[in-house]
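FYI, side chains are in, hydrogens and waters are out, and symmetry mates aren't considered; it's all heavy atoms of this structure. The structure presented is a predicted model; accordingly, all values stated were derived computationally and were not measured.
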Amino acid sequence: MPAPALSAVRLAVRDAVADIPPGGLVLVACSGGSDSLALAAALAFVAPRRALRAGLLTVDHAWDDTSSARAAEVAEQGESLGLSPVEILAAPAPRSEGAARDARRAALLAAAGRLQAHAVLLGHTLDDQAETVLLRLARGSGARSLSGMPAADGLIRRPLLGLRRAHTREACQFLDLPFWEDPTNADPAFARARTRATVLPVLEAELGPGIAEALARTADLLRADADALEALADDAYLDLTATAVAQAPAELDPAQTALRPARVELDVQALAPLSRAVRGRVLRRAALTAGSSASALRASHIWAVEELVTRWRGQKPVPLPSGVLARRTGGRIAIAGPDAPIPAEPAGPGVAGPVHPAPDQEDRLVSQAATAKADNDGTSIPAAEVSPARVHPDIGDVLVSEQEIATKIAELAARVDADYAGREILLVGVLKGAVMVMADLSRALTVPITMEFMAVSSYGSTTSSSGVVRILKDLDRSIEGRDVLVVEDIIDSGLTLSWLLRNLRSRGPASLEVLALFRKPEAITVDVDLRYVGFDIPSAFVVGYGLDYAEHYRTLPFVGTLTPEAIARRA
């Protein structure tokens, strides 16, 4: 008789594939860890009893020299379980949870399409769900993000979300299946590893058992709420755009309208009565329709667009990621991509308006220069075009090149100039890393500036944050009544910056904003408001362009990762 844990895993798999017709192919993604290996074994048991075909996919990210051998071992385990086909998918990725997740998903879906599979099973457990909710909660995410991972997402299915990680270990042990302990699960460089090893155990110890279950239950409740709100937002969006189409000029050929660059216009009087939750979703959908990058579009962007509806003061247009611009003209909000025409006169609340360009194209130029581009062309990790051996022997991967940094500094400066036109800025550089950013940014700005420096640190000489904030050097003058722009090289956990902003706000500046050239979204643990961000990069330790390791590598003109040998040599 199987152990209760094994029975639970098999039952979960049986329920997950119940709708797949006989003869259908089901694939399991397996890393060799206890979760995915138990899932693979359960699928091998369930599939023949449901007249299904079952195969296994394992993804090799090439993170170390042993990854290919480990992938081969996982493939052998799959074959020994009777799974077929069994494939190893090469998906090289930077040493980043987010980058690896995206590469893995793309590889799995591509293989599923090629093999005509009905489903791909992933081994995420209730513990993974709890960690996901906690991480997103710490980052200030909305209801959809806090709803966690869905049990079904297209071809992707997650049968084990109702089971604990302990169940999968017990199942593997009962079947005498040796499983792999992924060292990244204990690597403090990864936010999820810190959450798993430290945060959740502390919560369990201080608040009592059941925290993981409570977080997973929260995800289920929020998913239902998010579904309901998005249904309301979809109805509102369709009503607003249907009215727009009805009011579009009759002389426009519908076929030509469909080919025009993305542009959405919404009536302010119709938007204003909507609840904030619904209105924000409507504006987000409009921004995505206009071409804004989903991964780069943040709550702060949507809030700024909302102010065009709820706090209209004649403010400038709002630049959004991917060169999209939101502006208010009369009684309408227009959200348009970088190539969409700007009408000279209001065209009513229609999706399509006259194609005559507005006399003032300055806003469009600012939008194109100041906003992040689409994924993988500047806001995420650029591909290195230069061999690391030719740039520096200690560099493993070049993440952001010298030319890309120069281009981004110019874009950020254009946006700052537009936002602070007619005012003087006090730039506050955070030593030592921000020196390079401060110098290049200050030369690129055209508005009047003065400069100050602070040294505030939460780092030692290691590759992760110490969590201890210290003031090493304070400002030399008062900032009361000044427009202050804090210049940072990189935002990691956000702990240092969060403390610094609280400190500076207490000194009475007229305004206080932050410009950071680099940000690690996966590593952020506190809510920080960044007005200007250059690049999102992986949660790996990086050096160059002001960033150091043990006070070395600051003068490199690019940003990259260190080789393990270089880290060991300077440890």
Are side-chain N/O atoms of [X] and [Y] paired as donor and acceptor at under 3.5 Å?
X	Y	answer
S68	D60	no
S275	R279	no
R194	T198	no
Y545	D489	no

Would you check if the side chain of [X] reaches a backbone N or O of [Y] as a donor-acceptor pair within less than 3.5 Å?
X	Y	result
E204	G210	yes
H61	A91	yes
D153	I156	no

Got [X] and [Y] here, is their nearest side-chain heavy-atom distance under 4.5 Å?
X	Y	answer
L126	L161	no
R70	D64	yes
R281	I302	no
D474	M454	yes
L547	Y553	no
V486	E513	no
L135	T195	yes
I88	V74	no

May I ask you to decide whether [X] forms a salt bridge with [Y], counting only side-chain N to carboxylate O separations under 4.0 Å?
X	Y	value
R223	D220	yes
R158	D35	no
E306	R284	no
E213	R164	yes
E170	R165	no
D128	R196	yes

Could you grab the distance from atom CG of L320 to atom NE2 of H301, nearest 0.5 Å is fine?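 If I round to the nearest 0.5 Å, the distance is 6.5 Å.
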Taking all heavy atoms of [X] and all of [Y], pick out the closest pair and write down the distance.
X	Y	value
A117	L27	CB-CD1, 3.7 Å
S34	T168	OG-OG1, 3.4 Å
P159	L39	CG-CD1, 3.9 Å
L504	P509	O-CD, 3.3 Å
L25	S84	CD1-O, 4.4 Å
L215	A130	CD1-O, 3.7 Å

Note to self: The test is side chain to side chain contact (heavy atoms under 4.5 Å, CB included); show your working for R531 and V514 and say whether it passes.
What the structure shows: CA-CA 6 Å; R531 186 172 181 86; V514 179; 6.0 Å; no
Point to revise | Residue D19 excluded, over 12 heavy atoms near CG under 6.0 Å | key: yes
*asked:* As a quick check of understanding, evaluate salt bridge (charged side-chain N to carboxylate O under 4.0 Å, His left out) for E551 and K432, giving each step before the final call.
replied: CA-CA 10 Å; E551 294 300 326; K432 302 174 186 174; 3.3 Å; yes
The residue among T58, L57, V59 that forms side-chain contact (heavy atoms from CB on, under 4.5 Å) with E87 is L57
Let me have the donor-acceptor pairs involving side chains of residues 171-179, under 3.5 Å, with sequence neighbours excluded, atom names and distances please.
none

Worked verdict on K520 versus I490 for side chain to side chain contact (heavy atoms under 4.5 Å, CB included): CA-CA 8 Å; K520 296 180 181 177; I490 191 166; 3.7 Å; yes
**OP:** Could you walk me through whether R10 and D15 pass salt bridge (charged side-chain N to carboxylate O under 4.0 Å, His left out), step by step?
**Re:** CA-CA 9 Å; R10 289 174 174 175; D15 291 344; over 6 Å; no
Hits for salt bridge (charged side-chain N to carboxylate O under 4.0 Å, His left out) against R505, two or more places apart or cross-chain, chain-then-number order -> none
Exercise. Report the C-alpha separation of N503 and I471 in whole Å, then their side-chain angles, then the decisive distance to 0.1 Å, and conclude whether the side chain to side chain contact (heavy atoms under 4.5 Å, CB included) test is met.
Key: CA-CA 11 Å; N503 183 288; I471 295 181; 4.2 Å; yes
Under the criterion side chain to side chain contact (heavy atoms under 4.5 Å, CB included), I'd like the reasoning laid out for F535 against L517: C-alpha separation, chi angles, the key distance, then a yes or no.
CA-CA 6 Å; F535 301 93; L517 186 57; 4.2 Å; yes
